[in-house]
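The structure appears right after this line, and notes come after that.
Note that the structure is predicted; figures quoted are calculated from it, not measured.
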Amino acid sequence: MAHPDVIPALFRDAETDHPAIEQWCTTVLAGAPARLLILGPHWSGKTYAAFAALRRLLAAGYPSQDITVHGASELKATYDPRVIANTTAVTMIDDVTVSLDLVREAKRPLAPDSVDVQAMMALEAGALAEAIAALAVLPNRSWILIASSPEILAEAVGEQAAARILAVADTLELTQRPLPKLSW
């Protein structure tokens, strides 16, 4: 998703004063590439923090057409290598590890998927790994990746790509927040 709807309505008021977000924004606004890996469990505010960073860029006059936001699920399902090769100056990829996180968080054993579904999932996982690996080595690009942990990131994108990401990115690790009370 690029211009004009960079920030979804849910995150239009997102703000944070976290030093890692402040540093990332300062670097991007100075015209230098910045890379940020936001880690944490579900409900830790990873996506909120990422959109707060993008919102801060926009508030400072950064051009919205130079920002692209991808959800990992959509990116891997429709992946074309040109999407990353021709990406904007700032790219955010949300939920890089969500498919693995959901399996780990299941409360009961999951039924195995059919062979066709497993094959499709393997192709999509490979596409996501290729996209992340390509983004990690693009020069003069800033990015934010959102994942649950370095270990699950390595499982999602491969050890080599994860090691490259960890080597070039600043890391912001968030902790679990209280879960919202649902009133059904």
Side-chain angles (χ1 to χ4, degrees), residues 1-30 33-62 64 66-77 87-107 128-129 131-132 135-136 141-157 161-162 164-184:
M1 160 179 40
H3 174 72
D5 298 315
V6 173
I7 310 292
L10 181 62
F11 300 106
R12 290 225 170 98
D13 295 328
E15 291 185 13
T16 183
D17 60 356
H18 195 285
I21 297 291
E22 180 77 32
Q23 181 60 48
W24 185 85
C25 291
T26 299
T27 303
V28 172
L29 291 169
R35 285 113 181 171
L36 182 62
L37 175 62
I38 302 178
L39 300 170
H42 280 123
W43 294 103
S44 60
K46 299 181 302 288
T47 301
Y48 182 92
F51 277 114
L54 298 182
R55 187 171 172 267
R56 185 176 287 184
L57 291 182
L58 293 169
Y62 197 85
S64 62
D66 290 346
I67 300 173
T68 302
V69 175
H70 297 285
S73 297
E74 296 81 23
L75 181 62
K76 69 184 180 182
T87 194
T88 54
V90 173
T91 301
M92 177 184 131
I93 302 179
D94 193 9
D95 290 333
V96 172
T97 58
V98 73
S99 58
L100 296 170
D101 297 334
L102 292 174
V103 169
R104 283 177 171 68
E105 294 173 6
K107 301 291 185 213
L128 180 62
I132 300 294
L135 182 64
R141 297 296 201 291
S142 295
W143 45 258
I144 298 175
L145 299 178
I146 299 170
S148 54
S149 72
E151 298 78 22
I152 299 174
L153 177 65
E155 190 175 336
V157 302
R164 188 177 304 120
I165 290 163
L166 291 165
V168 300
D170 292 324
T171 303
L172 165 55
E173 208 158 338
L174 300 174
T175 58
Q176 183 71 51
R177 296 182 311 175
L179 295 177
K181 294 188 191 248
L182 301 175
S183 57
W184 306 56

Checklist line | Shortest non-hydrogen contact between I7 and L58, atoms and distance | finding: CG1-CD1, 3.8 Å
Next item on the list: Taking all heavy atoms of L37 and all of L166, pick out the closest pair and write down the distance.
Entry: CD2-CD2, 3.5 Å
Checklist line | I38 side chain near I21 side chain, heavy-atom distance below 4.5 Å | finding: yes
Checklist line | Pairwise side-chain contact, Y62 with V90, heavy-atom cut-off 4.5 Å (strictly under) | finding: yes
Notebook entry, point to check: If you round to the nearest 0.5 Å, how far is SG of C25 from CG of L54?
Noted result: 7.5 Å
Notebook entry, point to check: Are any non-hydrogen side-chain atoms of Q176 and W43 less than 4.5 angstrom apart?
Noted result: yes
Notebook entry, point to check: How far apart are the closest heavy atoms of T97 and S148, and which atoms are they?
Noted result: OG1-N, 2.9 Å
Check: Is there side-chain contact between I93 and L135, with at least one heavy-atom pair below 4.5 Å?
Finding: yes
Next item on the list: Find out whether I132 and W143 are in side-chain contact, i.e. whether some heavy atom of one side chain is under 4.5 Å from a heavy atom of the other.
Entry: no
Checklist line | Approximate separation, where rounding is to 0.5 Å, of H18 NE2 and L36 CG | finding: 9.0 Å
Notebook entry, point to check: Going through the distances and angles, do L174 and Y48 end up as a side chain to side chain contact (heavy atoms under 4.5 Å, CB included)?
Noted result: CA-CA 11 Å; L174 300 174; Y48 182 92; over 6 Å; no
Next item on the list: Output, in order, the C-alpha distance, side-chain angles, deciding distance and verdict of side chain to side chain contact (heavy atoms under 4.5 Å, CB included) for R56 and E22.
Entry: CA-CA 9 Å; R56 185 176 287 184; E22 180 77 32; 2.4 Å; yes
Next item on the list: Kindly determine whether R12 and F51 satisfy side chain to side chain contact (heavy atoms under 4.5 Å, CB included), including the steps that lead there.
Entry: CA-CA 8 Å; R12 290 225 170 98; F51 277 114; over 6 Å; no
Check: Just wondering, do H42 and S44 contact through their side chains at under 4.5 Å, heavy atoms?
Finding: no
Next item on the list: For residues M92 and I146, report the shortest heavy-atom separation together with the two atoms involved.
Entry: CE-CD1, 4.0 Å
Check: Counting only N and O atoms by type, is there a donor-acceptor contact under 3.5 Å from the side chain of H70 to the main-chain atoms of A72?
Finding: no
Note to self: Less than 3.5 Å apart, any donor N or O on the side chain of T68 or T91 sitting next to an acceptor on the other?
What the structure shows: no
Note to self: Less than 4.5 Å apart, side chain to side chain, heavy atoms only: is that true for L153 and V96?
What the structure shows: yes
Notebook entry, point to check: With no hydrogens and no angle check, do the side chains of T47 and D94 hold a donor and an acceptor under 3.5 Å apart?
Noted result: yes
Next item on the list: Please name the pair of heavy atoms, one in A162 and one in A154, separated by the smallest distance, quoted to 0.1 Å.
Entry: CB-CA, 3.5 Å
Notebook entry, point to check: Taking K46 for the side chain and L39 for the main chain, is one N or O donor matched with an acceptor at less than 3.5 Å?
Noted result: no
Notebook entry, point to check: Hey, does E15 have a side-chain heavy atom less than 4.5 Å from the side chain of R55?
Noted result: yes
Checklist line | Minimum-distance pair of heavy atoms, taken over all atoms of P33 and S142 | finding: CA-OG, 3.3 Å
Margin query: As an exercise, state the distance from OG1 of T27 to CG of D170, rounded to the nearest 0.5 Å.
Written below: 7.5 Å
